[in-house]
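Labels below follow one simple rule: chain letters A, B, ... track the order of the sequence lines, proteins then strands, and each chain is numbered from 1.
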Amino acid sequence: MVDSLLEVSDLYIDFTVDKKAVSAVQGVSFTVEHGQKVAIVGESGSGKSTTAHSLINLLPGTGRVKSGSIKLEGNELVGTSFKKFIQIRGKKIGLVPQDPMSNLNPVYKIGNQIGEALSANNVDVDHDIIQKEIDGKVTILHSDNELFLGRGARQKIEIEVLNIWLNEANYNVDEVFGKIDIKLIDHLALRRDLVNILQSAGVLESDAADIHARIKALHAKLIVGSSIRLDVIKTLQKFSLSEVQAKQMVEKYVKGSTKVDRIAGLLSEAGLTHAGQRAKQYPHEFSGGMRQRALIAMALAARPRLLIADEPTSALDVTVQKRILDRINRINTTLGVAVLFITHDLGLAAEYSDKLIVMHKGRIVESGASLEVLRNPRHPYTKELMKAAPSLNASRLVSESNSQVDKSIQKSANVFEFVNLTKKFKLPGTKKLFKAVDNISFKVPRGKTTAIVGESGSGKSTVANMALGLLTPTSGNILFESNSMKDILQSKKLAKDFRIKVQPVFQNPYGSLDPLYSLGRAVAEPLEIHGVGDSESRNQRVKELLELVQLPNDVITRYPNELSGGQRQRIAIARALALNPELILLDEAVSALDVLVQEQILQLLNNLQKELGLTYLFITHDLAVVNIVADDVIVMESGKLVEQGKTVDIFKNPKQEYTQNLLDAIPGRNLI
Amino acid sequence: MARYIGVRVLQTIPVVLGTTLLIYGLVFLMPGDPVRAMFGNHPPSEAAMNVVRREFHLDQPFIMQYLYFLKGVLTFDFGKTFQGRNVSDVIATSLPITAQLAFLSIFFEIIIGVGLGIVTGVKKGRIFDNTVLMSTLVIISIPTFVLGFVCQFIFAVKLGIVPATVGNYIDINHMLMPALVLASVSISYVIRLTRSQIKDNLNADYVRTARAKGLDNRTVVLKHILRNSLVPVVTYIGADLGGLMGGAVVTEAVFNINGIGHQLYSGISRGEGVLVVSLVTVLVLIYIVANLLVDILYAFLDPRIRYGKS
Amino acid sequence: MNSKIEHFVADYDTNLSAVDQFTSDKKVTGLIQEAWSIIIRNPLFWVSSVIVLILASMALFPGLWSQTDPLVCQISDSNLSGSAIHPMGTTLQGCDVFARVVYGARPSLAIGVMTTVIGTLIGVIIGTIAGFFGGILDSILSRVIDVFYAIPFILAAVAVLQLFQSSDSIWKVIFTLSLFAWTSPARLMRSAVLGVKQQEFITASVALGSSQFRNMFMHILPNSISPVIATATINIGGYIVAESTLSFLGLGLGSNSVSWGQDIANARDNLMTTPSMLLWPSLFLAVTTLSFIFLGDSIRDALDPKGRR
C-alpha cells in the first residue's frame, strides 16, 4: 500500500505555563492523502492551529510535541533534526498564514520575498540550467507545465504564428519575411507599419490589417513571466492553431524562464494581475487580499506536496475570501497539492474540503467526509456548532414582539430617519475629498432590528458614528425621534436625552471596557455620568442589569481582563441597558466571538429585545448573521446604498448583483 | 522620497530657529555687562564702551540682536574670545578633533553595541546574556567621568598599556580609551535596544513565515530579523550624536583632549559666556543636521516611510 | 478521492452545557492587582526598594547614620585609611568620608527626585494637552518639544547654568535640569494619550454622554500614565548622574557643598594617592542610580501588558 502523504497519530502537544505543562493537543490522529483537501474546524483554544504548526516544527513559545508520531510520505518527523525540518519547510509543506497584514516583511519587495522561497529550496535557477544539470544536483521541478514564457520565446512564437497565418492565406512567406526587419519583430504587433510592410510584400490591405490586429491581440495575451506552458497552448489554440501545432511550438520555444519570470508566474498563479510589476512593490502597497495572494505564491513557490492554510481568509472581506478560496481550490486541482485548511467556520470547511475534522479542547470529536459530517452530524459538539453557525441557518431567531412593553405612550414609528446623508473626508496629504457615505436615506423602525451590512470601506462604520453623533454629516440630515441631529447636539437638554436613549456596543470586547475600571463601576458609569440615583440604588441597578445579561453578581468586583470575550460583550450590553435606552447600536458587536458564544449573545440580544422592546441598529460585515437577527437590511458598497428591504426578501430575491455576490460568498450556504 | 526629504528639511527650520532663539535668549538674560566683562579690570571710558556696544549691536532691542546673532551663525562669524581670537577659528581647530573622537565612538557603538545586542538577543536567558545586561546597567549608572578616572587609573597608571592623556597626540593609540569611555553609556543603550528589538522580532509573524519558506536560521536572523531590528537602532545612534557632543565635554576634560568640548570646559571655567554659547550653538546645529540625515537614512531603511504620504 | 473516508465520532465525554460560563473560584486579578502580584515576586524590586529606603533615610535623617559633621575637618586627620572612628577613612583635608557620603545623599536624591517630579509633571501636562486636543495646539506644542529636545542635555544645562554662576543653591540645578527634563515625558505621554484616545472604551464613553474633561481625567490619563511613571523612576538615577557631571564641570552646587558629585570631582586631584576618596561617593552614586533603574524596570515589567503571558 502506498503511504499517505501525511499521517498523524496519537499526537500530544504541551505548552509550559508558569513552569507547569498545559496540554494543548491530546491524542490527535488523522491522515491526509495525496491531493486531498482536509479541513480542521474548531473554536479558539481547540488546538487546531497548534496541530498545524507542529507539522513544520514552528510551534510558538514554549510549545513542544510530547509524544505521538507525524509521518510525511512515510518518514517520521517527530524528533528529527532542525536541519531536516528546514528541508521539509517550503519544499514538502507550505504554509499560508492567518494574518496577511503582519506576515510579510515590510522592508523587502514582494518579489524578493518570493524569490527567497525559491532560493531557499534550490528552485531559483533558470530552467535552461535545470535541464542541463539533470544529474540530481539541482532539484527538478515537478511538472513540465511549470515552464513560464520568456521574452525571447514570445518573440519566436509570434514570428512562427505570423508565418502560419501567412501560409494559410497563401502568401509567399519567404518574400514577406525578407522584407521584415527581424529586429523589429519584438515590437511587431504594436507597430503601425507592420501593415505597410505586409502590404509592400504583396499582402492585401484588408488581410494585412487583419493579421496586424490578430498579432496584436496575441501579443497582449501572452504575458511574459505569467503564462505557463499550459496557458500558452490554450492561448494559441484560441488563435486558431491546432492543438498539435500549439504543443509543438510551445515545446520548442518555452524552454526556460528566469527567476524573475518565475516569481511573476507564481504571483499570477495565485491570482494577482500585473504580476511582473506587482513583484517590484512593497507589502504596504498591497491590500489585504493581494498580500494573501502573495503569501499563497510564496507557499507554493517550491511546489510543496501539502499546503497548510491557517485561517487564510479570516481577516478578509467575504467576496475576497471567496476568490482566494476558489484560487486555492483551483491550485489543488491543477497542481495536485494536498490542502490542510485550519478554520473556525464550519460552512467554509465543508464547502472547500473533502474531509472534515472537528476539534474541541485538543481532541478530535468527529471526522469524516465533509458533506456526510455536515448533513449527518453525530457528536453533540458538532451538532451545537451546526446549530450555532449563522451561515448554515436559514431563518431569523424567533422573537415575539413587545409582550411587556407599555404601548400607551405615543412614540414616533421610526427611531432614526437618515435623509440624503453624505459624509466627505479629506484624503490625507492631498486636497481631494473622498465620499465615505454618499447620499443615503433609510429609516430605523422602532422595536425592530435594522442591519447595515457591507465590506470594509463600505461606509457602514461612518454611518454608525454619525448616528451616534460622533461625526457630523457633510450634508443631509439625521432625525432622531423627529428631532434633527443638529438641534440635538446644540441643545444640552436634547443631547442628554439622546445620549440616554441611544447606546453603543462596539466590536472589540478587549478594547471596549476601561481596563482600570471594575466591572461594577463600568456598568454603573452611565448612571454616574447622568447622575441617576444614589450609590445604593446604582448598586441595585447594576445587580439587576447583570441578571439581565446572565452574569453572576460576583463579577462586580472583577476587572475586564478576567473575563472572556463573550462575557465582556455581556458587560458592554449591561452597560448599554443601564439607562433604559430606546436603541442600541451594535457595531460589529459579535464579529470577534467564537461561534457558540456568538450564538449565545445573539440569543441574549433577541430575548432582551422581546422583553424591553428595544430597537437595534446592527452594523456588520457578516451577511449570515444578518439573516438570523435582522428584520430589515441595508446593503452598502463604497459609500452608496445598494439595496434595502426586508431581510427575508433580500435573502430570497436579491435585486442587485452586488447583493447576490455577497450572498454567494457566504461559505457553505448552499450545502444544506 | 523627494517629498519626504523636503518635508523633513522644512520641519527642521523652526527647530533651528527655536533652538538658536532659546540659546541666544539665555545669553541675553545673562547677568552682568558683557562689554565690561570683555575689558576685565581696566574698563575704558563709558563713551568708548558705547562704541563697542554699537559695534556689537548691543544697543539694539533683543529681537534685532538675535537676528544679528543668527546672521553671525549663518556666516560662521561668532565674534571674538577674551584673548581676541576669532571664535570661528577656535571652532575650526577644535571641531575636527572632537569629530574624530565622536566618529570613533560611533564606530564602537556599532561594532560592540550592535554585535553584543545581536548575540544576547538571539541566545535567550543564558548566563552570558544576563552578565552583559547587568554590565550595561552598571555602566549606565556610573558617571562617565568616574569611568574615565577609573580607566585612566587602571589601564594607564597601573598597567601602563595606554597613555593616560591625549594632549596633542591625535592618533588611534591615544584616542582609543577616550573614545571607548565616551561611547560606554551609548554602547550600553545600543546593546539593550538591539537586544529587545531582536527579541520582539524573533516572534514576529513574518519571521515565522520566513522560516516556513524553508530558510535556514542564519538567513532568517541576518536578513529578516536584523534588518528590521536595526531601523530603531540607527535612529537611536543618530539621536545619540547629541549625547556624544555633551559627553565630549566631560571626556575631553578627563583625557585632556583639545577638542571643542575642552574649549567649552575652559570657556565655562573662565566665565566666557559668548564663547560657551557659540560653541553650544554649533554643536546643537551639528546635532540637528545629523538627525536630519538619520531621518533620511531611515527612509532608505524603511520603505513604508519612503513611499508614505508625508 | 481514492478511498472512502470513514466517519469517526468520539465518545460523548465533553461537557457542553457550560459554554462561556463565568467561574468565580479564582481570586480577583484586575490590572493593578495583577501588576502588584508580579512586582512582589520580583526580587530586584525588593532589593532596590530596600536600598532606596535606606538612602531616603540618609537624606532625611543623616544624623541617624553618622554623628560626625562632614564639614568639621581636622587637618591632622588627613588621609587616614578606614578605622572605627572613620569607617571609610578621611579626605586630604581630614574630613570623614563616611559622614560626607551620608550627608551627600540629600542633595543628590533631592535633585534626582525633584527634577523628575517637576519634569514629569510639566511633561505630563503638556503631553496630555497635545495628545488630547490635537490639531494646531498639538502642532505648536510638538514643535516646542522638538526645540527643547534638540539641545543635548548636558550642553543645555551648561548653557543655562551660565546664568546662575553666583548661586550655590540646589534649586538652580533642579531648575536647569527640569527645564529640559520635561521633553521626554511629554513625548511619551503624548503618544500614550494618542494610543488610548483611539481605544473603543473612549468612544464608548463619549457616546454615553461623558464630558471631554471627565473622559480625560477618568479614562485617558489613568490609562496612559503607567509608562511615564516607570520611565520617570528610571530617570531619577539619570538626573543624579547628571548632577555629578555638572559638579565635575564646575557648574554644580559649588566646591564647598557636600554632595556626591562634588566629592567625586574633588577626588580627581588625589586619585593616585587616595583612590578610596573616589571609590566611596562613586559607589554610593552608582548603587543609588542602579536601584532606581531596577525599581523603574520592575514597575515597567509589572505594568507592561506585553511582558505578560
Side-chain angles (χ1 to χ4, degrees), chain B residues 11-12 14-19 21-23 26-27 29-32 134 137-147 149-150 152-153 157 185 200 239-250 253-254 261 264-265 267-269 271-273 276-277 279-281 283-285 287-288 291, chain C residues 139-140 142-166 179-180 234 237-238 240-251 260-261 264-265 267-268 271-272 275 278-279 281-283 285-294 297 306:
Chain B
Q11 276 178 350
T12 305
V15 177
V16 170
L17 291 177
T19 45
L21 184 66
L22 190 67
I23 295 166
L26 293 174
V27 194
L29 288 174
M30 212 175 276
M134 193 62 204
L137 288 184
V138 170
I139 287 175
I140 290 169
S141 45
I142 300 175
T144 312
F145 64 99
V146 174
L147 199 69
F149 292 160
V150 172
Q152 251 177 348
F153 187 66
V157 178
V185 173
D200 283 354
D240 187 50
L241 201 61
L244 288 183
M245 297 285 180
V249 181
V250 175
V254 171
L264 196 56
Y265 179 58
I268 295 165
S269 43
E272 278 197 66
V276 170
V277 168
L279 294 176
V280 169
T281 307
L283 292 181
V284 167
L285 290 181
Y287 172 60
I288 292 173
N291 263 334
Chain C
S139 305
I140 293 170
S142 291
R143 287 291 90 74
V144 174
I145 295 174
D146 281 351
V147 166
F148 277 83
Y149 200 79
I151 308 179
F153 201 73
I154 288 290
L155 294 184
V158 164
V160 175
L161 283 168
Q162 292 290 304
L163 299 178
F164 305 109
Q165 274 178 339
S166 52
L179 198 58
F180 295 89
I234 294 174
I240 293 177
V241 171
E243 182 273 325
S244 72
T245 305
L246 291 176
S247 290
F248 166 74
L249 292 176
L251 292 166
W260 293 339
I264 299 170
R268 187 193 184 186
L271 188 60
M272 307 305 149
L278 177 71
L279 173 74
S282 305
L283 190 69
L285 192 145
V287 168
T288 310
T289 309
L290 210 53
S291 302
F292 281 114
I293 292 178
F294 282 141
D297 257 358
K306 240 185 6 181

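- For the atom pair OG1 (C:Thr288) and CG (C:Leu283), the distance works out to 9.0 Å, reported to the nearest 0.5 Å.
- Heavy-atom distances place the side chain of B:Leu264, and not its backbone, under 4.5 Å from chain C.
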Open item on the list: Before you tell me yes or no, could you show the steps for B:Ile140 and C:Thr289 under side chain to side chain contact (heavy atoms under 4.5 Å, CB included), namely the whole-Å CA-CA distance, both residues' side-chain angles and the distance that decides it to 0.1 Å?
Closed with: CA-CA 8 Å; B:Ile140 290 169; C:Thr289 309; 5.7 Å; no

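- For C:Ile293, the part sitting under 4.5 Å from any heavy atom of chain B is the side chain, from C-beta outward, and nothing else.
- For C:Phe248, the parts lying near chain B are the backbone and the side chain together; criterion is any non-hydrogen pair under 4.5 Å.
- Across all non-hydrogen atoms, the minimal contact from C:Leu290 to B:Met134 is CD2-CE, 4.3 Å.
- In terms of heavy-atom pairs under 4.5 Å with chain C, the best-connected choice from B:Ile142, B:Val150, B:Val146 is B:Val146.
- Annotation for C:Ile264 and C:Pro281: closest pair CG1-CB, 3.8 Å, computed over non-hydrogen atoms.
- The shortest side-chain heavy-atom distance between B:Val185 and B:Thr144 falls under the 4.5 Å cut-off.
- Chain C forms more heavy-atom pairs under 4.5 Å with one residue of B:Val250, B:Ile288, B:Leu17 than with any other, namely B:Val250.
- Between C:Ser244 and C:Ile240 the shortest side-chain heavy-atom distance does not fall below 4.5 Å.
- Proximity to chain B is absent for every atom of C:Phe292, based on heavy atoms less than 4.5 angstrom apart.
- Residues C:Phe148 and B:Leu22 have side chains in contact (heavy-atom distance under 4.5 Å, counting atoms from C-beta outward).
- B:Val16 does not touch chain C: none of its heavy atoms, backbone or side chain, sits under 4.5 Å away.
- Using a 4.5 Å cut-off between heavy atoms, C:Leu278 touches chain B through its side chain atoms alone.
- When each of B:Leu241, B:Leu244, B:Thr19, B:Leu283 is checked for heavy-atom pairs under 4.5 Å with chain C, B:Thr19 comes out on top.
- Looking at B:Phe145, only its side chain comes within 4.5 Å of chain C, counting heavy atoms on both sides.
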